[in-house]
Asker: 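What follows is a single structure, and I will ask about it in a moment.
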Amino acid sequence: MEKKRWDCTALPKGWKMEEVTRKSGLSAGKSDVYYFSPSGKKFRSKPQLARYLGNQMDLSSFDFRTGKMLMSKLNKNRQRLRYDNNSQNKGKPDLNTSLPVRQTASIFKQPVTKVTNHPNNKVKTDPQKAVDQPRQLFWEKKLSGLNAYDIAEELVKTMELPKGLQGVGPGCTDKTLLSAIASALHTSAAPITGQLSAAVEKNPGVWLNTAQPLCKAFIVTDEDIRKQEELVYSVRKRLEEALMADMLAHVEEAANEGEALKEEGNGSEDMESV
């Protein structure tokens, strides 16, 4: 790592700014900025620096990365302060309808959520700002060790995946791969292609595509489609035979019950004639 330290003129006298640049690893070239007080105390973020200085200095226009005061923000703050003072002196009501802003030492201004309980209020959403929720890496491993049982408390046999589907990632099993593929088919309309990057086998934590299941890239051939069609046809044929056998059994049972009732009726007539 390479370290550079110099005086920060935007802060009070005696404050130092240090920039540390990483030379190797996955984050090579990335720089981190730190500040040191005259007493040697180290500060890693702008909120820590603001809490330490307190009311000694206003850091709302201070750029933590460059160590300088942003003149554009400083001028805006001055104009807003001048406008607020004039409004208070004139005694006019504040007609500003914008949402209030948190008065904290955060780098970015975060709007406060405005909540009302009026029954006629309607919530408006912006579809352009709607984004998918982030997915946890290797979330399929949460399902490992869980099995399905039928009503008789017997273990349900899991499906057998084709040999072309091979799992990827640490501790990936056939059950984990089956859960990942089933989830991708039900929750996403995008095509299932698997992990297209070849580097995923070396470092899956970096190269893994969370939108795809935990399996290597595969291609569905015409032969695979033909085998699946034959399997579906065989299952439907067996189901048809089972339904036909059940229907014939019901017809035979109904016929036997009719003959039994007829014999009982004849027996009762013979007894009456005697």
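Keep in mind the model is a prediction, meaning the values are calculated, not measured. Throughout, numbering of the chain's residues begins at 1 and tracks the sequence.
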Asker: Please round to the nearest 0.5 Å and tell me the distance separating atom CG of Leu165 and atom CD1 of Ile192.
Answerer: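 If we round to the nearest 0.5 Å, Leu165:CG and Ile192:CD1 are 11.0 Å apart.
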Asker: What pairs of donor and acceptor atoms, side-chain ones from residues 213-232 against any protein atom, are under 3.5 angstrom apart with sequence neighbours left out?
Answerer:
from	atom 1	to	atom 2	distance (Å)
Lys216	NZ	Gln166	OE1	3.4
Thr221	OG1	Asp224	N	3.4
Thr221	OG1	Asp224	OD2	3.1
Glu223	OE1	Arg226	NE	3.3
Glu223	OE1	Arg226	NH2	3.4
Glu223	OE2	Arg226	NH2	2.2
Asp224	OD2	Thr221	N	3.4
Arg226	NH1	Glu230	OE2	2.5

Asker: Are any side-chain N or O atoms of Asn256 and backbone N or O atoms of Glu252, one a donor and one an acceptor, separated by less than 3.5 Å?
Answerer: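 Flag set: sc Asn256 to bb Glu252 pair under 3.5 Å.
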Asker: Evaluate Arg5 against Met17 for side-chain contact (heavy atoms from CB on, under 4.5 Å), listing each step before the verdict.
Answerer: CA-CA 6 Å; Arg5 183 180 295 189; Met17 177 180 177; over 6 Å; no
Asker: What's the spacing between Gln212 CD and Ile181 CD1 if we round to 0.5 Å?
Answerer: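 Separation between the atoms: 10.5 Å.
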Asker: Is the CD atom of Glu241 crowded by more than 12 outside heavy atoms at less than 6.0 Å?
Answerer: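 Counting neighbours around CD of Glu241, more than 12 heavy atoms of other residues, nucleotides or ligands fall under 6.0 Å, so yes.
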Asker: Kindly indicate whether the side chain of Gln195, heavy atoms from C-beta on, has any atom under 4.5 Å from the side chain of Ser197.
Answerer: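 No; the side chains remain at least 4.5 Å from each other.
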Asker: Measuring from Leu53:CG to Gln48:CD, what's the distance to the nearest 0.5 Å?
Answerer: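 Between atom CG of Leu53 and atom CD of Gln48 there are 12.0 Å.
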Asker: For the ring pair (Phe, Tyr, Trp, His ring centres under 6.0 Å) test, which of Phe64, Trp15, Tyr52 pairs with Tyr35?
Answerer: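 Result: among Phe64, Trp15, Tyr52, Phe64 is the only option passing the ring pair (Phe, Tyr, Trp, His ring centres under 6.0 Å) with Tyr35.
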Asker: Does a sphere of radius 6.0 Å around NZ in Lys42 hold more than 12 heavy atoms from other residues, nucleotides or ligands, not counting ones at 6.0 Å or beyond?
Answerer: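 Counting neighbours around NZ of Lys42, more than 12 heavy atoms of other residues, nucleotides or ligands fall under 6.0 Å, so yes.
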Asker: Measuring from Phe36:CZ to Lys41:NZ, what's the distance to the nearest 0.5 Å?
Answerer: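 That separation rounds to 12.5 Å.
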Asker: Is there a path of hydrophobic side-chain contacts, each under 4.5 Å between heavy atoms of I/L/V/M/F/W/Y residues, joining Phe62 to Trp6?
Answerer: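 Yes, it is one cluster - the side chains of Trp6 and Phe62 are joined through contacts under 4.5 Å.
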Asker: The test is side-chain contact (heavy atoms from CB on, under 4.5 Å); show your working for Lys46 and Leu59 and say whether it passes.
Answerer: CA-CA 8 Å; Lys46 186 175 180 180; Leu59 298 179; 4.2 Å; yes
Asker: Could you pull out the closest heavy-atom pair between Val33 and Arg65, with the gap in Å?
Answerer: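 Residues Val33 and Arg65, closest heavy atoms: CG2-NH1, 3.3 Å.
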Asker: Any side-chain heavy atom of Thr21 sitting closer than 4.5 Å to one from Lys30?
Answerer: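 With C-beta onward as the side chain, the pair stays apart.
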Asker: Might you point out which heavy atoms bring Val20 and Tyr34 nearest each other, and give the distance in Å?
Answerer: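 Nearest heavy atoms, Val20 then Tyr34: CG2-CE1, 3.8 Å.
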Asker: Check whether any side-chain heavy atom of Val200 sits under 4.5 Å from a side-chain heavy atom of Val206, and report yes or no.
Answerer: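 Contact flag for Val200/Val206 side chains = no.
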Asker: Does any non-hydrogen side-chain atom of Glu18 lie less than 4.5 Å from one of Lys3?
Answerer: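 Of all side-chain heavy-atom pairs linking Glu18 with Lys3, at least one is under 4.5 Å.
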Asker: If I take atom CG from residue Asp7 and atom NZ from residue Lys16, how far apart are they, to the nearest 0.5 angstrom?
Answerer: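 Atom-to-atom, Asp7:CG and Lys16:NZ are 3.5 Å apart.
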Asker: Are Leu196 and Trp207 connected in a single hydrophobic cluster, I mean Ile/Leu/Val/Met/Phe/Trp/Tyr linked by side-chain heavy atoms less than 4.5 Å apart?
Answerer: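 No; tracing contacts between hydrophobic side chains, which count when under 4.5 Å, never links both residues.
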